[in-house]
Amino acid sequence: MKIWSRIRKLSIAQLWQLSVLFLKHPLYIFPTLKATNTTFKICNGLFGNEHHKSNPANAFRHALWNVLICQKVFKETKNKQKSVFFAQKMTDLYEKVTQNEPMDEAMDLHNNAVGRICFLNNLDKNEEETINFLQKKAENAQKVVTIDEMKKLQKELVYISG
């Protein structure tokens, strides 16, 4: 998932959907971009290109992305529920407009949700502690074959290959 290459491939309607979300929440644009850039920098450093596959590194990346969006938006909102709600809207929309295969999309949505849960349960953690926590979760990520299997693992990171 290379964010800018994916964005360039979006249709006008898809770009419009993304733009509307940011027009409704203009103060969240820079925190979201910063969270996205930080996520890629960390994942490139830890995993190289491995996090672009449907593996535990990818699960880590999606969870981290959501935690960082929540953390950075929280600095603006001072409200954890608003932060989580925006992160969900943003990342759900991203998954919708990028049109992955159904299992990949379900995996990404699942791991995004795990990231938001981690944010809510670890508000006091700094970035390094969050990374360590998510690395441990990724080491224990569960390989799944069906969407139904994912639903049974609500608090666990999941992957479909690798």
Side-chain angles (χ1 to χ4, degrees), residues 1-10 14 18 21-22 28-75 80 83-123 125-147 149-151 153-162:
M1 170 179 92
K2 295 193 177 182
I3 201 104
W4 294 115
S5 64
R6 285 256 175 117
I7 288 174
R8 283 191 288 259
K9 292 178 185 176
L10 297 179
Q14 292 167 329
L18 198 56
L21 179 60
F22 280 126
Y28 304 167
I29 294 171
F30 290 113
T32 300
L33 290 173
K34 185 172 170 78
T36 302
N37 288 332
T38 301
T39 298
F40 275 91
K41 183 186 288 185
I42 290 167
C43 290
N44 288 339
L46 291 173
F47 306 110
N49 286 324
E50 283 299 304
H51 66 96
H52 295 289
K53 301 174 183 173
S54 300
N55 58 21
N58 180 276
F60 171 90
R61 186 186 78 222
H62 279 271
L64 179 63
W65 186 38
N66 276 261
V67 169
L68 293 180
I69 290 173
C70 289
Q71 287 176 342
K72 297 200 183 309
V73 170
F74 180 72
K75 288 179 182 176
K80 62 185 178 182
S83 302
V84 168
F85 183 68
F86 175 78
Q88 180 173 4
K89 285 179 78 170
M90 175 64 210
T91 58
D92 284 0
L93 177 60
Y94 178 80
E95 296 305 331
K96 177 183 168 190
V97 300
T98 55
Q99 300 174 342
N100 284 326
E101 294 296 320
M103 274 297 286
D104 283 301
E105 181 178 326
M107 177 189 70
D108 292 348
L109 290 169
H110 175 93
N111 292 324
N112 291 346
V114 171
R116 294 187 299 270
I117 291 167
C118 289
F119 165 76
L120 288 170
N121 292 332
N122 298 288
L123 281 174
K125 300 254 189 268
N126 64 33
E127 191 172 284
E128 184 179 336
E129 292 170 321
T130 299
I131 291 166
N132 291 333
F133 177 80
L134 290 175
Q135 281 182 296
K136 288 180 182 134
K137 283 193 89 59
E139 288 170 8
N140 296 313
Q142 302 292 309
K143 185 172 183 176
V144 294
V145 180
T146 66
I147 293 172
E149 285 180 277
M150 284 181 213
K151 291 177 184 175
L153 300 166
Q154 291 181 354
K155 294 183 180 179
E156 302 301 322
L157 294 176
V158 300
Y159 65 100
I160 57 179
S161 68

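Worth knowing before you read on, the calculation uses all heavy atoms, side chains too, and leaves out hydrogens, waters and symmetry mates.
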Engineer: In Å, rounded to the nearest 0.5 Å, how long is the span from CG of Asn132 to CD of Glu127?
Structural biologist: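 Answer rounded to 0.5 Å: 11.0 Å.
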Engineer: Which distance, rounded to the nearest 0.5 Å, do you find between the CE of Met90 and the CD of Glu95?
Structural biologist: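 Met90 CE to Glu95 CD: 10.0 Å, rounded to 0.5 Å.
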Engineer: Regarding Thr91 and Trp65, do their side chains bring together a donor and an acceptor under 3.5 Å, going by distance alone?
Structural biologist: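 Looking only at side-chain atoms, Trp65 and Thr91 do not form any donor-acceptor pair under 3.5 Å.
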Engineer: About how many Å separate CE of Met107 and CG of Leu157, when rounded to the nearest 0.5 Å?
Structural biologist: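 Those atoms lie 10.5 Å apart.
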Engineer: Taking all heavy atoms of Ala87 and all of Cys70, pick out the closest pair and write down the distance.
Structural biologist: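 So the minimum-distance heavy-atom pair works out to CB-SG, 3.6 Å.
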Engineer: Test your reading of the model: is there a side-chain donor-acceptor pair from Asn111 to the backbone of His62, 3.5 Å cut-off?
Structural biologist: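 Not a single qualifying donor-acceptor pair exists.
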Engineer: Taking Lys137 for the side chain and Lys155 for the main chain, is one N or O donor matched with an acceptor at less than 3.5 Å?
Structural biologist: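 A pair under 3.5 Å: yes.
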Engineer: Using modelled atom types and a 3.5 Å cut-off, is there a donor and acceptor pairing between side-chain atoms of Glu128 and backbone atoms of Asn126?
Structural biologist: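 No; judged by distance alone, with no hydrogens or angles, the pair does not exist.
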Engineer: Checking Ile117 against Val84 for the side chain to side chain contact (heavy atoms under 4.5 Å, CB included) test, could you report, in this order, the C-alpha distance in whole Å, the side-chain angles of both residues, the deciding distance, and whether it holds?
Structural biologist: CA-CA 9 Å; Ile117 291 167; Val84 168; over 6 Å; no
Engineer: Answer yes or no: is there a donor N or O on one side and an acceptor on the other, between the side chain of His110 and the main chain of Glu156, under 3.5 Å?
Structural biologist: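 Indeed, once roles are kept as given, a pair shorter than 3.5 Å links the two residues.
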Engineer: Identify the heavy atoms of Leu123 and Leu120 that sit nearest to each other, and give their distance.
Structural biologist: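 What the structure gives for the nearest pair is CG-O, 4.0 Å.
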Engineer: Is any side-chain heavy atom of Thr38 less than 4.5 Å from a side-chain heavy atom of Lys41?
Structural biologist: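 Not in contact.
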Engineer: Under a 3.5 Å distance rule, please check whether Asn55 uses its side chain to pair with a backbone N or O of Glu50 as donor and acceptor.
Structural biologist: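 Yes: the side chain of Asn55 pairs with the backbone of Glu50.
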Engineer: Passes side chain to side chain contact (heavy atoms under 4.5 Å, CB included), Phe119 versus Asn66? Steps please.
Structural biologist: CA-CA 8 Å; Phe119 165 76; Asn66 276 261; over 6 Å; no
Engineer: Determine whether a donor-acceptor pair (N or O, by modelled atom type, separation under 3.5 Å) exists between the side chain of Asn122 and the backbone of Lys125.
Structural biologist: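 Side chain of Asn122 to backbone of Lys125, a donor-acceptor pair under 3.5 Å: no, none is there.
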Engineer: Examine His51 together with Phe40 and report whether their ring centres are nearer than 6.0 Å.
Structural biologist: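 Ring-ring flag for His51/Phe40: true, centres closer than 6.0 Å.
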Engineer: Say you draw a straight line from NZ of Lys75 to OG of Ser83; how long is it, rounded to the nearest 0.5 Å?
Structural biologist: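 That separation rounds to 11.0 Å.
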Engineer: Show the nearest heavy-atom pair for residues Ser54 and Tyr159, with the distance to one decimal.
Structural biologist: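 Where Ser54 meets Tyr159 most closely, the heavy atoms are O-CB, 3.5 Å.
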Engineer: How many angstroms lie between atom CD of Gln88 and atom CG of Asn112, to the nearest 0.5 angstrom?
Structural biologist: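 Going from CD on Gln88 over to CG on Asn112, the span is 9.0 Å.
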Engineer: Side chains of Asn58 and Asp108: does their closest heavy-atom pair fall under 4.5 Å?
Structural biologist: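 In contact.
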Engineer: With rounding to the nearest 0.5 angstrom, report the OG1 to CG distance, Thr39 to Leu68.
Structural biologist: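 Going from the OG1 atom of Thr39 to the CG atom of Leu68 covers 4.5 Å.
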Engineer: Whether the side chain of Arg61 engages the backbone of Cys43 through a donor-acceptor N/O pair (distance < 3.5 Å, no angle test) should be reported.
Structural biologist: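 Between the backbone of Cys43 and the side chain of Arg61 there is no qualifying donor-acceptor contact (under 3.5 Å).
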Engineer: Between Gln142 and Met150, does a side chain to side chain contact (heavy atoms under 4.5 Å, CB included) hold up when you go through it step by step?
Structural biologist: CA-CA 9 Å; Gln142 302 292 309; Met150 284 181 213; over 6 Å; no
Engineer: Counting only N and O atoms by type, is there a donor-acceptor contact under 3.5 Å from the side chain of Glu149 to the main-chain atoms of Val145?
Structural biologist: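 Answer holds: yes.
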Engineer: Let me see the working for Cys118 and Leu134 under side chain to side chain contact (heavy atoms under 4.5 Å, CB included), right down to the final yes or no.
Structural biologist: CA-CA 8 Å; Cys118 289; Leu134 290 175; 3.9 Å; yes
Engineer: Could you check whether atom CZ of Phe85 has more than 12 heavy atoms from other residues, nucleotides or ligands sitting under 6.0 Å from it?
Structural biologist: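 Counting other residues, nucleotides and ligands, CZ of Phe85 stays at 12 neighbours or fewer.
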